[in-house]
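Below is one structure, written out as C-alpha cells; comments come after it.
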Amino acid sequence: IAKESHAVNPGTVAFTEKSESKMSSKPESQLWYKLRDGTKDLGVFWTRLESWASPGVPDLHGIVNDHPFWLELKVHRLKSLKSITLRPHQIAWQTRYAMNGGSVYNLVHHPSSSTLNIYGGQRAMQIAGNGESWTPDWSCPTPYDWTGIINHILSSKSSHHKERDL
C-alpha cells in the first residue's frame with residue numbers, strides 16, 4: 001500500500017492510502033475511491049480512518065464550509081435495501097453522536113439498483129433493524145451526484161443542529 005497526497009484546498013494537502021489495485025480492493029474501499037475522486041473539486045477535506053482501535057467510529061471524517069461530519073461507507077449486495085449491516089458498536093456510536101448534535105451519515109451503495117443512498121446516523125437502529133425496507137434520506141442513481149451528496153449533508157447539518165443549554 002502506498003501513500004498518496006493530493007491538494008484539497010489551496011495550501012492544504014490530504015494523505016490517503018492508495019491500493020496497488022483498486023479492482024482487487026474491498027467494495028467499501030472502491031466506494032471510498034469514487035467518493036474521494038468525485039468530491040475532490042468540492043473543497044471537502046477527508047480523513048479516512050482505520051477504526052479497529054475504536055469500534056463503532058465511522059470510516060470517514062469530512063469537513064466542508066466549516067461543517068464537520070462523519071460518514072460510514074456501506075455496499076449493500078442484496079436486491080433490496082433491507083437491513084443495512086451495522087454492527088452494535090456502530091449503531092451505538094452513531095446514535096449517541098447524533099443525539100449530541102453531531103452529523104453522522106451512512107452512505108450506502110446499492111449496486112443492484114445502481115444508486116447511492118444516505119441514511120442519517122440518528123436512524124442507525126432503524127435501518128439495521130428487522131428487515132424492513134426503509135426510505136433513504138437522500139438517493140441518486142448513476143452517474144452519482146457528488147455535489148448533491150455534499151449539499152444534502154450540509155442542509156441536514158443545519159436542520160438537525162439544535163441549540164442546547166449545558
Side-chain angles (χ1 to χ4, degrees), residues 1 3-6 8-9 12 14-19 22 25-40 42-78 81-111 115-129 134-140 144-162:
I1 297 178
K3 293 272 185 183
E4 137 184 281
S5 68
H6 62 279
V8 179
N9 289 321
T12 305
F15 291 92
T16 56
E17 290 186 358
K18 185 175 181 180
S19 173
K22 290 182 185 180
S25 60
K26 292 188 212 177
E28 282 82 5
S29 293
Q30 291 178 21
L31 179 55
W32 156 239
Y33 296 130
K34 290 177 186 178
L35 175 66
R36 180 196 62 194
D37 295 345
T39 60
K40 69 181 172 188
L42 301 179
V44 182
F45 179 79
W46 293 110
T47 303
R48 185 171 183 210
L49 304 172
E50 296 296 330
S51 58
W52 54 266
S54 294
V57 175
D59 300 317
L60 299 172
H61 182 264
I63 187 166
V64 62
N65 298 338
D66 298 324
H67 294 282
F69 59 94
W70 290 91
L71 203 58
E72 179 66 33
L73 302 177
K74 294 292 180 185
V75 175
H76 193 68
R77 296 274 181 210
L78 301 177
L81 277 170
K82 294 183 179 181
S83 294
I84 308 304
T85 304
L86 293 173
R87 295 184 312 275
H89 281 72
Q90 291 174 312
I91 295 168
W93 194 97
Q94 289 186 26
T95 301
R96 289 190 69 196
Y97 192 78
M99 285 176 54
N100 283 284
S103 296
V104 58
Y105 305 91
N106 295 281
L107 180 64
V108 181
H109 178 221
H110 189 231
T115 59
L116 278 178
N117 304 280
I118 296 178
Y119 298 88
Q122 72 278 6
R123 297 177 60 197
M125 191 176 297
Q126 177 191 56
I127 65 172
W134 300 103
T135 303
D137 298 324
W138 188 90
S139 184
C140 74
Y144 301 129
D145 180 3
W146 303 110
T147 301
I149 290 169
I150 299 304
N151 285 338
H152 172 77
I153 288 169
L154 292 176
S155 67
S156 296
K157 167 67 179 162
S158 60
S159 66
H160 290 312
H161 185 71
K162 298 174 185 157

Closest contact, heavy atoms only, [X] versus [Y]:
X      : Y      : answer
Leu86  : Ala124 : CD1-O, 3.7 Å
Val75  : Glu28  : N-OE2, 3.5 Å
Gly121 : Ala98  : C-CB, 4.4 Å

Taking Gln126's backbone N and O only, do any of them form a donor-acceptor pair with Trp134's side chain (distance below 3.5 Å, no angle check)? yes

For Ile150 and Asn65, what are the C-alpha separation, side-chain angles and deciding distance, and is it a side-chain contact (heavy atoms from CB on, under 4.5 Å)? CA-CA 10 Å; Ile150 299 304; Asn65 298 338; over 6 Å; no

Can Asn106 and Gln90 be said to form a side-chain hydrogen bond (donor to acceptor under 3.5 Å, both in side chains), step by step? CA-CA 10 Å; Asn106 295 281; Gln90 291 174 312; over 6 Å; no

Side-chain contact, heavy-atom cut-off 4.5 Å: [X] with [Y]?
X      : Y      : answer
Pro58  : Leu71  : no
Ser29  : Arg48  : yes
Ser139 : Asn117 : yes
Leu35  : Leu60  : yes
Val64  : Phe69  : yes

Once side chain to side chain donor-acceptor pair (under 3.5 Å) is applied, do any residues pair with Asp137, and if so which ones, sequence neighbours excluded? Arg123

For Trp70, all residues meeting side chain to side chain donor-acceptor pair (under 3.5 Å), sequence neighbours excluded: Tyr97

If you round to the nearest 0.5 Å, how far is [atom2] of [Y] from [atom1] of [X]?
X      : Y      : atom1 : atom2 : result
Asp145 : Trp138 : CG    : CH2   : 4.5 Å
Ser103 : Ile153 : OG    : CD1   : 8.5 Å
His67  : Ser156 : NE2   : OG    : 11.5 Å
His152 : Ile118 : NE2   : CD1   : 5.0 Å
Trp146 : Leu42  : CH2   : CG    : 10.5 Å
Thr115 : Tyr144 : OG1   : OH    : 7.0 Å

Could you walk me through whether Ser54 and Trp93 pass the side-chain hydrogen bond (donor to acceptor under 3.5 Å, both in side chains) check? CA-CA 10 Å; Ser54 294; Trp93 194 97; over 6 Å; no

Which pairs pass salt bridge (Lys or Arg N to Asp or Glu O under 4.0 Å) with one or both residues in residues 51-73, sequence neighbours excluded? Glu72-Lys74

State, without any angle test, whether Thr39 and Trp46 hold a side-chain donor-acceptor pair at a distance under 3.5 Å. yes

